[in-house]
Number of protein chains: 2
Amino acid sequence: MNLKELSQTLGLSQTTVSRALNGYPEVNGATRERVERAARQFGYRPNVRAKGLATGRALAIGHVIPIGTKPELVNPIFGDFIAGAGETYSRYGYEMILSIIDGRNEEAVYRGLKSRRAVDGVIIHGPRISEPRISLLQEIGLPFAVHGRTGHFDKPFTWLDVNNQEAFREATNYLVDLGHRRIGLVNGPEKLDFAYRRRVGYLEVLNRHDIPVDPALMHSDPMTEDAGYAASRAMLALPDPPTALLCASLVSALGARRAVEECGLFMARDVSIITHDDALSYLQNGGDTPIFTATRSSVRDAGRRLAEMLLEAIAHPEAPPQTEVLKAELVIGQSTGPAPRKD
Amino acid sequence: MNLKELSQTLGLSQTTVSRALNGYPEVNGATRERVERAARQFGYRPNVRAKGLATGRALAIGHVIPIGTKPELVNPIFGDFIAGAGETYSRYGYEMILSIIDGRNEEAVYRGLKSRRAVDGVIIHGPRISEPRISLLQEIGLPFAVHGRTGHFDKPFTWLDVNNQEAFREATNYLVDLGHRRIGLVNGPEKLDFAYRRRVGYLEVLNRHDIPVDPALMHSDPMTEDAGYAASRAMLALPDPPTALLCASLVSALGARRAVEECGLFMARDVSIITHDDALSYLQNGGDTPIFTATRSSVRDAGRRLAEMLLEAIAHPEAPPQTEVLKAELVIGQSTGPAPRKD
DNA sequence: AGCAACAGTCAAAGCGCTTTGGAAAGTGAT
DNA sequence: ATCACTTTCCAAAGCGCTTTGACTGTTGCT
């Protein structure tokens, strides 16, 4: 059933039916009622392509995910993020289109999305410190919103981020207050902005307390269980091993815990662990009581919110870009304790 | 730049330009060359909506993901699957559209995709044993392909599955051969077809060896770390605890390992663990040598392949539906060993 | 009664593409 | 020179929607 058929059935023009269904004011209340009932009865839904062609809008938002050999843009986080964003999209009648690409021709993909009019905007995931995508999108004029933030650009843009720096400052502080002086950092890839910021937060606290910075205690790797394990293992094998580990994600922390236990040590008693926890739906930090002490911020909420911000920006192109910072909260779990006394 | 402008620039009709770019034979070689060069030069890409409207095809495949309160359709697996499928789509010029829905109105969503002509087909994830989506899609005539398989339907359909039953038979056998008699099953939700099949495989081996089936040794829960931990913990607390655990996923197995270690036991020596491993990119089963003995099958390969099968089915609607079974391979890791002697 | 204003409706144009049904030009055989 | 094809190109229709501009009655006001 298309618009033409529906309007013929009703004995009305396409114009009137279209207006009735799209909530335009110049339609009689009774007529609108009748049209809506008929549409429901016949299961009429406007053809999304025809609508897009006529309006010039795509009613779709793109997410471009480069998949290299290394899983840098961590998969599970992405899953939760789009779950959140998807909720927003369906609430606003938008569609989410996903492009999985092999990483090399990223620029071509964005240009393609723009010139084919495939989407009204895109969300940028995992911004690096130096982020070529932003200037590219500004140049070609494709609306976008960034999950995370990044260095200085001439033109402002829409973004949403967690207060990574502050969160890791707080976490490091918590450890220092517990008496820890040797604190290992199991960070994510530091060319990603959020990882960089976390290290800055960590270093700030060390400096403030005159704790020497030891490069051997700072690892930066993909946030996998395996890498978390390897980094922790390496640090625990040092002559002067850390008594606390600061991890970038729950997955890394699982690896860290494995390393700790494999060394015959006990978490919390011998080695404290704090991790950032993205509150992923399938990988939770324990049930009622958190296992790991963690800086927690729901990435799903972030998705929900950033999608709203992008739709907002598309609807009001003239408005100045919005930015928002989500505060991660420090939750105390069973993975931290006072630094063991040296003897 | 649109087709009209491009054709004017070239002094050709839209027809010829369109044909030249779409590889139709009735265009002079030289002309085609000229058109292609100009298209490249001006960055012309056909408007995807106009094209879809004109051809009646959407050039898009839908993935509908219900997100309830419980993460049943496990997130991380899904991530890898669509990464694989996405590779196929971009190779064939298709787009992937993702619908995140709240689970209650699934039927309405599929009907909507069909009537709005939003997609040319859909992929069905996580089929349950009794699967209403299949008859629905057959009824409304929306092409689909199923990741996994399920009970008997009058009309055949396209699916791709892992040989779950056989894989778990093999895994159980391996444990029995190692002398284990008390084998716990940390299964996924058994209303999902694959989990059901795995249990069948497990039970077959117990029966063949006259090992008594103990309901207390069979758990069926969402495949989270937490649930894996809880199930294992419960079984290890039994008066006659299992000496081996068979897990549904690597995430569950991480939980199982935590339970084992928390009981002061050693994996492999006291309790053997075998898990199914979906070869997820971000959560690998160890580096070079596998940590867990596992039945392994790449879910990303599955995505790649099933997407091909669906596109094939769409291109040839008259052909009989194809089905395919991927064989999971048993890889021996460090998590299994001979059953401890009772004394 | 006469006129402006307005509510309610419609026909038709247009979005950017594909595809149908020719037409013009070229080719070789008669 | 004529005919029968081919080859190469084109004008125009059509995909299903939105939106412009115009057309009817009604109503309200003088």
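All figures in this text were calculated on a predicted structure; none of them were measured in a lab.
Ion pairing between A:Glu95 and A:Lys51 fails under the 4.0 Å rule for side-chain N and carboxylate O. Salt-bridge formation is detected for the pair A:Arg111/A:Glu139: a Lys NZ or Arg NE/NH1/NH2 atom is positioned less than 4.0 Å from an Asp or Glu carboxylate oxygen.
With D:dC10, C:dG16, C:dA11 as the candidates, the nucleotide lying closest to the side chain of A:Ser13 is C:dA11. Checking D:dC9, C:dT18, C:dG8 against every side-chain atom of A:Asn28, the shortest atom distance belongs to C:dG8. In this structure, of C:dC17, C:dT19, C:dT9, it is C:dC17 that holds the atom nearest to the side chain of B:Ala54. Checking D:dC9, C:dC17, D:dC17 against every side-chain atom of B:Thr31, the shortest atom distance belongs to D:dC9.
For the pair B:Lys4 NZ and C:dC15 P, the computed distance is 7 Å after rounding to whole Å. Between the CG atom of B:Asn22 and the P atom of C:dG16 there is a distance of 17 Å, given to the nearest Å. Per the geometry, CG belonging to A:Leu21 stands 8 Å off P belonging to D:dT18, to the nearest Å. Summarising the geometry, the separation between CD on A:Gln8 and P on C:dC10 is reported as 12 Å, rounded to the nearest angstrom. Residue A:Tyr24 contributes atom OH, which lies 7 Å from atom C1' of D:dT18 at whole-angstrom precision. Atom-to-atom, CZ of B:Arg57 to P of C:dC17 comes out at 16 Å; the value is rounded to the nearest Å. In this structure, B:Arg32 places its CZ atom 12 Å from C1' of D:dT8, rounding to the nearest Å. For the pair A:Arg49 CZ and C:dG16 P, the computed distance is 16 Å after rounding to whole Å.
Both A:Ala50 and A:Leu12 lie near DNA chain C, and the one whose nearest nucleotide falls closer to the 5' end is A:Leu12.
OP1 or OP2 of C:dC17 has not a single side-chain nitrogen or oxygen of B:Ser18 nearer than 4.0 Å. For D:dC15, neither phosphate oxygen OP1 nor OP2 lies less than 4.0 angstrom from any side-chain nitrogen or oxygen of A:Asn2. For D:dT18, one of the phosphate oxygens OP1 or OP2 lies less than 4.0 angstrom from a side-chain nitrogen or oxygen of A:Lys51.
Residues A:His147 and A:Val299 have side chains in contact (heavy-atom distance under 4.5 Å, counting atoms from C-beta outward).
Closest approach of B:Ala20 and B:Val27 over heavy atoms only: N-CG2, 3.8 Å.
When atom types are taken as modelled, the side chain of B:Glu131 and the backbone of B:Arg128 share a donor-acceptor pair closer than 3.5 angstrom. A donor-acceptor pair under 3.5 Å links the side-chain atoms of A:Asn2 to the main chain of A:Lys4, judged by distance alone. Between the side chain of A:Asp120 and the backbone N or O of A:Ile61, no donor-acceptor pair lies under 3.5 Å.
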Readout for nucleotides 21-27 of chain C: B = base within 4.0 Å of protein heavy atom, S = sugar-phosphate only, - = neither; 5' to 3' it is B------
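Within the 4.0 angstrom heavy-atom criterion, no nucleotide atom of any strand lies near A:Gly29.
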